[in-house]
Amino acid sequence: MPAQSASAWKGTVMELNKLLRKNIRDLKPYQSARHEFSGRANIFLDANENALGSVAESGQNRYPDPFQIKLKDKIGELKNVPAERIFLGNGSDEVIDLLIRAFCEPRRERIMVLPPTYGMYGVCAAINDVEVVKIPLTEQFQPDLPEIEAALNSGLKLIFLCSPNNPSANLLDNDKVLKIIDMFDGLVVIDEAYIDFAGNEGWLNQLDKYDNLVVMQTFSKAWGMAGIRLGMAFAHPEIIIILNNIKPPYNINRHTQEVALKALGESDIKNKYVDQLLKQRQRLTQALKNLSMVQRIYPSDANFLLVKFNDPGKVYQQLMKQGIIVRDRSRMIRCEGCLRITVGSAGENNQLITVLKEMDK
Ligand SMILES: *Cc1c(COP(=O)(O)O)cnc(C)c1O
């Protein structure tokens, strides 16, 4: 990591208030039934639940913990981040939406994204009627600092960086990210959905140095828990308070909290999956290199490969005929000719390679 330097926002409530939308700054949040009560009780007649039980599994008749205290404590332990710096969302996608809603005044304020990148930043902005400033990554898929600097202004509230980036698969350079954090007065959101596959710690351990930094991670990729919808945001405690104020009170359901809590005790299984997928990534890369139809395989710090083909449309169609679905990214900027291929199991990768070899003859 680069040496410490001062960030623009100093973490005071007053400074944060200048960044927030006025309606959010003035909001009186919904108080759920369980908000007001912190003592011990064994009869709960406050939330209109079914006192007799649940048609589903036992326990599901009760609302979940709105602040997911146990889960955050456990995540905090694993990631070495205090619970007051953790926010949990119904997938990272909820976090993206909440950040835009909290900070960007519709039609007047903007977010910045660096294409080619994850589509949800732009979709959430569009849903919120917030404008998107697009500054393409360089040919090396790195932030274009002069162009970014030239586009900064007071109406720009959030910059979304994705590292490792989807779909280019690479980590963004630390020194470039740091320059962006330093020169921007708004919040820099670093989406680290694929950080477990990168030989790099990411930005979590830099949180207390940079108050305008938000790091997002997810249980959907390395942890293999896309089905339970659980995303994480790590940031200054004042930012976490705002996100808590505007989220739906019970955004993380009881089942998700229970499943995640159990899984967190078994992070060695996650690490084994990561090892295996990294080996498969290596194997797949080697096999693809031997095909004449493949022009280029971009270096990957994630669980997918961006691959440039002579005729991506034909490859895509042929694979689909064989029941293999990949992602066509050939119409995205700087991804001309490219398909994005998720690293599968050994058997799945074998089948993929067999089909491609057959086509290559
Ligand atoms: C897959 C992915 C996510 C995960 O989103 P969830 O809503 O947590 O499933 C987030 N960001 C990027 C860049 C991704 O590719």
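Order of listing sets the numbers, starting from 1, for every ligand and every atom in it. Treat the numbers as computed from the prediction; the structure is a model and nothing was measured.
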TODO: Hey, could you give me the CG/CD distance between L172 and Q140, rounded to the nearest 0.5 Å?
DONE: 12.5 Å
- [ ] Spell out, as yes or no, whether a donor-acceptor pair under 3.5 Å connects the side chain of R340 to the backbone of R327.
- [x] no
TODO: May I ask you to identify, for M216, whether its side chain, its backbone, both or neither come under 4.0 Å of ligand 1 on a heavy-atom basis?
DONE: neither
Task: atom 7 (O) of ligand 1: the protein heavy-atom neighbour that sits closest, reported with distance to 0.1 Å - done: R229 NH2, 2.6 Å
Open item on the list: I'd like to know if the side chain of E94 and the backbone of N90 have a donor-acceptor N/O pair within less than 3.5 Å.
Closed with: yes
Task: A193 neighbourhood, listing ligand 1 atoms whose heavy-atom distance to it stays under 4.0 Å - done: 2 (C), 3 (C), 10 (C), 11 (N), 12 (C), 14 (C)
TODO: Look at the side-chain heavy atoms of Ile, Leu, Val, Met, Phe, Trp and Tyr, link any pair under 4.5 Å apart, and say whether W223 and V274 land in one connected group.
DONE: no
TODO: Answer yes or no: is there a donor N or O on one side and an acceptor on the other, between the side chain of Q295 and the main chain of M293, under 3.5 Å?
DONE: no
TODO: Can you pull out the closest protein heavy atom to atom 14 (C) of ligand 1? Residue, atom name and distance to 0.1 Å, please.
DONE: K221 NZ, 3.2 Å
Open item on the list: Distance check, rounded to the nearest 0.5 Å: Y250 atom OH versus D65 atom CG?
Closed with: 9.5 Å
- [ ] Pull out every atom of ligand 1 sitting under 4.0 Å from any heavy atom of C162, numbered as shown with elements.
- [x] 13 (C)
- [ ] Could you tell me whether the side chain of T256 and the main chain of I228 form a donor-acceptor pair under 3.5 Å?
- [x] yes
- [ ] Could you tell me if any non-hydrogen atom of Y194 lies under 4.0 Å from any atom of ligand 1?
- [x] yes
Listing, residues 69-87 side-chain donor-acceptor contacts under 3.5 Å, not counting sequence neighbours, or none:
from : atom 1 : to   : atom 2 : distance (Å)
K72  : NZ     : F67  : O      : 3.3
K72  : NZ     : I86  : O      : 3.4
K79  : NZ     : Q217 : OE1    : 2.7

- [ ] For ligand 1, indicate whether the residue D93 contacts it via side chain, backbone, both or neither (heavy-atom separation under 4.0 Å).
- [x] both
Task: Heavy atom of the protein closest to atom 12 (C) of ligand 1 (residue, atom name, distance) - done: D191 OD2, 3.4 Å
Task: Structural part of S92 in contact with ligand 1, heavy atom criterion under 4.0 angstrom - done: both
Task: The one among S163, S220, G89 that brings a heavy atom closest to atom 9 (O) of ligand 1 - done: S220
Open item on the list: I'd like to know whether ligand 1 has A226 as a neighbour, heavy-atom separation below 4.0 Å.
Closed with: no
